[in-house]
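Worksheet for the structure shown next.
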Amino acid sequence: MDASAFVAPDDRPVTAVTAAEMRAVDRVAVEDIGLDLPRMMEHAGRGLADAVLAARPADLPVTVLAGNGGNGGGGLACARHLANRDHPVRVVLDRAPTEVDGVTAEQLRILKAMDVPIEWVDADADIDAALDGLVVDALIGYGLTGAPRGAAAELIEAVDGAAETIVSLDVPSGTNATTGEAPGVAVEPDRTVTLALPKTGLAAVGGDLLLVDLSIPAMVYDRLDIEYDNPFGDEFAVPLSRTDAE
Ligand SMILES: NC(=O)C1=CN([C@@H]2O[C@H](COP(=O)(O)OP(=O)(O)OC[C@H]3O[C@@H](n4cnc5c(N)ncnc54)[C@H](O)[C@@H]3O)[C@@H](O)[C@H]2O)[C@H](O)CC1
Ligand SMILES: [K+]
């Protein structure tokens, strides 16, 4: 097996996947096992909340920047767990709540019912520097298509200048999950909480790396001929180190 760009704490190599491979994993998980996206999104949000609680001093407010896809949905699930622990958390969307759809809209409905503050920005809003404290970047994950545009781009630019700590979910927003390239603006996180398996593009990204388990069984990877040796052991999240392997 070629040396991986990532290793788990016991120096075990951890396979990295491209965005296309991870999409295929999601498809097989849903179609063959019935492990559906909302369930995996919940695991993502719980693992992200664990990482945020571990990273933030008690009094630091948390702002979750959420997009309209699976990445946003994981961020919103994280916001719910923080709110349940009376941590100061608010959500800032890159569009009006009425424009959020799919599973992410379901996550949003729960937060609304819990009276979690929900704000949003549109393309030409100038975002106040209130993006201080700890910012969770759940705008865009491996679904990036081209250079960030509109409100998402504005938020990406605002957060890099204002936040004390930035935790990105899965892939820093604006970064191509496969190549690590940033076609436009991109978040520069202190930590990336990536999901299931590290994305190949994360080898080129700075900051700490934490891998969170979405409970995808090894047989899904086997069906796609993706080399998989459970990186979690008995944990549900493991820190990853980047090797200088080519
Ligand atoms: N097995 C797994 O790894 C799982 C990962 N999950 C999370 O879901 C995302 C992928 O979700 P998807 O809906 O396919 O796309 P994203 O949420 O990453 O992105 C869509 C989001 O981004 C906006 N957007 C895309 N390109 C641009 C752009 N150029 N400018 C502005 N905005 C852009 C788009 O509008 C949407 O808002 C993965 O990363 C994980 O976080 C699943 O939760 C479970 C399985
Ligand atoms: K992100």
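In what follows, every heavy atom counts, from backbone to side chain, and hydrogens, waters and symmetry copies are set aside. Order of appearance sets the numbers: ligands from 1, and atoms from 1 within every ligand.
Residue side and main chain included, G75 places no N/O/S atom under 3.4 Å of the K ion (ligand 2). Taking backbone and side chain together, D137 holds an N, O or S atom under 3.4 Å from the K ion (ligand 2). For a distance bound of 3.4 Å, the N, O or S atoms of V171 include one lying that close to the K ion (ligand 2). For a distance bound of 3.4 Å, the N, O or S atoms of G141 include none lying that close to the K ion (ligand 2). At least one N, O or S atom of N71 sits under 3.4 Å from the K ion (ligand 2).
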Q: Start with the C-alpha distance between V159 and V187, add both sets of side-chain angles, then the distance that settles side chain to side chain contact (heavy atoms under 4.5 Å, CB included), and finish with yes or no.
A: CA-CA 8 Å; V159 74; V187 169; 4.1 Å; yes

Q. Passes side-chain hydrogen bond (donor to acceptor under 3.5 Å, both in side chains), T194 versus D170? Steps please.
A. CA-CA 4 Å; T194 196; D170 205 25; 2.9 Å; yes

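Interface of N68 with ligand 1, defined as ligand atoms under 4.0 Å from a residue heavy atom, comprises 36 (C), 37 (O). Ligand-side atoms of ligand 1 in range of T145: 25 (C), 26 (N), 27 (C), 28 (C), 29 (N), range being under 4.0 angstrom from any heavy atom. Using a 4.0 Å cut-off to heavy atoms of D26, the atoms of ligand 1 that qualify are 1 (N), 2 (C), 4 (C), 45 (C). If you number the atoms of ligand 1 from 1 as listed, the ones under 4.0 Å from a heavy atom of L139 come out as 21 (C), 22 (O). With ligand atoms numbered from 1 in the order given, ligand 1 contributes 37 (O) to contacts under 4.0 Å with heavy atoms of G67. Of all the atoms in ligand 1, the ones that sit under 4.0 Å from a non-hydrogen atom of G146 are 29 (N).
In this structure, A44 falls outside the shell of residues with a heavy atom less than 4.0 angstrom from ligand 1. Residue contacts with ligand 1 include P148, since one or more of its heavy atoms lies under 4.0 Å from the ligand. By the 4.0 Å heavy-atom criterion, H43 is excluded from the residues contacting ligand 1.
Residue A147 touches ligand 1 through its backbone alone, judged by heavy-atom distances below 4.0 Å. Residue contacts with ligand 1 for R95 involve side-chain atoms from C-beta outward but no N, CA, C or O (heavy atoms, distance under 4.0 Å). Residue contacts with ligand 1, taken as heavy atom pairs separated by less than 4.0 Å, involve M22 solely via side-chain atoms from C-beta onward.
No side-chain donor from either of N230 and Y221 sits under 3.5 Å from a side-chain acceptor of the other.
Here the NZ-OG1 distance, from K199 to T18, works out to 10.0 Å after rounding to the nearest 0.5 Å. Here the CD1-OG1 distance, from I166 to T192, works out to 10.0 Å after rounding to the nearest 0.5 Å.
Within the structure, the side-chain hydrogen bond (donor to acceptor under 3.5 Å, both in side chains) test picks out the following pairs touching residues 92-102 (sequence neighbours left out): N68-D101.
For atom 4 (C) of ligand 1, the nearest protein heavy atom is under 4.0 Å away.
Evaluated by nearest non-hydrogen atom to atom 11 (O) of ligand 1, the leading choice among G70, G184, A77 is G70.
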